[in-house]
Amino acid sequence: MIVGVLALQGAFIEHQKMLEQLGVETFQIRNKSHLDKPMDGIVLPGGESTTMYRVLRDQNMVEPLKKIINDGLPTFGTCAGLLLLAKEVDNYKSEYLQTMDIEAKKNAYGRQLGSFKTVGEFNGQKDTPFVFIRAPYIVETKNDNVEVLAIVDDKIVAARQNNQFVTAFHSELTDDLTVHKFFVDMLK
Ligand code: GLN
């Protein structure tokens, strides 16, 4: 099993480490030609969505990336990655990849609560650690086939729609493999 991790900006090495602990090979996607490599899944990491999107656009990676996601490649978007995939971002007028039927809110916790750690239930798994860093959350799901996987303080913070899986939090910054295992199961 091999997963490409978008490595333009942000916390990509941490995802590679988590996946490698689960026996999954990884490689870094740094330009358009890397999107042509054979892969069983792709990770869009946390970082800054506007910056990441700008680099994707400048390197002509937007359309090929949208295509492989729309064609069904298992995709894991973390934090900024969630924003890149969301069909709508309610407080930010920019169009990212827009492949997933969710409406998200950017920097949704405001300045005071910008970053925090907590534990919660992920896909029925209690006490899963969550790390939020200037995180978004999902305001609304826009299709019945979007499955909600985690809720913190009444906000949706993880969801899946077919091949697309997103978390508002960073599990790659914890030592708990629960969330990455969920993604690895999607690869099979
Ligand atoms: N606030 C960032 C954004 O708007 C996301 C933060 C993160 O990925 N940790 O893209």
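Atoms within each ligand, like the ligands themselves, are counted from 1 in listed order. Numbers for residues simply follow the sequence, beginning at 1.
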(message) Only heavy atoms of Cys79, strictly under 4.0 Å: list the atoms of ligand 1 that pass.
(response) 5 (C), 6 (C), 7 (C), 8 (O), 9 (N)
(message) If the threshold is 4.0 Å, N to carboxylate O, is there a salt bridge linking Glu48 and Lys106?
(response) yes
(message) Can you tell me how the ring of Phe165 sits relative to the ring of Phe183, calling it parallel under 30°, perpendicular over 60° and tilted otherwise?
(response) parallel
(message) Could you work out, for atom 9 (N) of ligand 1, the closest of His170, Arg134, Lys106, Glu48 by heavy-atom distance?
(response) His170
(message) Please list, in number order, the atoms of ligand 1 under 4.0 Å from a heavy atom of Gly46.
(response) 8 (O)
(message) Checking a contact table here: which protein heavy atom is nearest atom 5 (C) of ligand 1, and how many Å away?
(response) Gly47 O, 3.3 Å
(message) Tell me whether ligand 1 is touched by Ala135 - counting only heavy atoms on the residue side and a distance under 4.0 Å.
(response) no
(request) Could you see which bit of Leu83 sits under 4.0 Å from ligand 1, with heavy atoms only: side chain, backbone, both or neither? (result) side chain
(message) For atom 1 (N) of ligand 1, what is the closest protein heavy atom, and at what distance to 0.1 Å?
(response) Asn107 OD1, 2.6 Å
(request) Sorted by first residue and then second, give each ring pair (Phe, Tyr, Trp, His ring centres under 6.0 Å) pair with at least one member in residues 19-72; sequence neighbours left out. (result) Tyr53-Tyr96
(message) If you take the centroid of each ring, where Trp contributes its six-membered ring, are Phe116 and Phe130 closer together than 6.0 Å?
(response) no
(message) Strictly by ring pair (Phe, Tyr, Trp, His ring centres under 6.0 Å), give each pair with a member in residues 2-21 just once, sequence neighbours left out.
(response) His15-Phe76, His15-His180
(message) Quick test of your reading of the model: are Asp101 and Lys87 salt-bridged, counting only N-O distances below 4.0 Å?
(response) yes
(request) For Ser49, counting its heavy atoms only, list the atoms of ligand 1 lying under 4.0 Å from any of them. (result) 3 (C), 4 (O), 10 (O)
(request) Report yes or no: does Met52 have a heavy atom closer than 4.0 Å to ligand 1? (result) no
(message) Assess the residue pair Thr167 and Leu82 against the criterion (side chain to side chain contact (heavy atoms under 4.5 Å, CB included)); give the C-alpha distance rounded to whole Å, side-chain angles, the decisive distance to 0.1 Å, and a yes or no.
(response) CA-CA 6 Å; Thr167 64; Leu82 177 155; 5.9 Å; no
